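Following: one structure in structure tokens, then a few remarks.
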Amino acid sequence: QAQLVESGGGLVQAGASLRLSCAASGRTFSSCAMGWFRQAPGKEREFAAAISQSGDFTYYTDSVKGRFTISRDNAKNTVYLQMNSLKPEDTAVYYCAARFGMPPTKNAQDFPSWGQGTQVTVSS
């Protein structure tokens, strides 16, 4: 399984931007669909965005469409989540996840590999 390390979280004001990165170890990154999920305090982990192996297909939950962009650089074994126009309700721990050899989905249980998460806090 891929080892995943997220970075880029922090404390920002509403309306600001952040870019999260997730660096993957191993030589199978380009064969992995990647996802970003988030978990707010007291809530279930939820899907935020996903991207196919080639990067040609991306998927978003409705609440982030038009504000977040997922992308990947297979040469750098890294997936990104550009987050613009952040809102206090985006406050959560953000996790990246990998799914080898299968298309991306919106279901956390379909992703066997997870990072430790990075905290994003948006103040009003």
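Because the structure is predicted, anything quoted here is derived from the model rather than measured.
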Test log, rule side-chain contact (heavy atoms from CB on, under 4.5 Å), inputs Tyr95 and Leu4: CA-CA 9 Å; Tyr95 299 90; Leu4 306 173; over 6 Å; no
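Within the 4.5 Å cutoff, the side chain of Leu20 has no heavy atoms near those of the Glu6 side chain. A heavy-atom distance below 4.5 Å is found between the side chains of Met34 and Phe29. In this structure, the side chains of Thr91 and Gln119 come closer than 4.5 Å at one or more pairs of heavy atoms. Put simply, the side chain of Met83 does not reach to within 4.5 Å of the side chain of Val12, judged on heavy atoms. Looking at heavy atoms from C-beta onward, Asp73 lies in side-chain contact with Tyr80 at the 4.5 angstrom threshold. Between Trp36 and Cys22, the closest side-chain pair of non-hydrogen atoms falls below 4.5 Å. Two residues are said to be in side-chain contact when any heavy atoms from C-beta on lie closer than 4.5 Å; Thr105 and Arg99 meet this criterion.
Between Asp90 and Lys87, none of the side-chain N atoms (NZ, or NE/NH1/NH2) sits under 4.0 Å from a carboxylate O, so this pair counts as no salt bridge.
Using bins of under 30°, 30° to 60° and over 60° for the plane-to-plane angle, the ring pair Phe37/Trp114 lands in the tilted bin.
Sorted by first and then second residue, the ring-ring contact (aromatic ring centres under 6.0 Å, His included) pairs with a member in residues 55-79 form an empty list; sequence neighbours excluded.
With Gln53 contributing its side chain and Ser31 its backbone, the two residues share a donor-acceptor pair below 3.5 Å.
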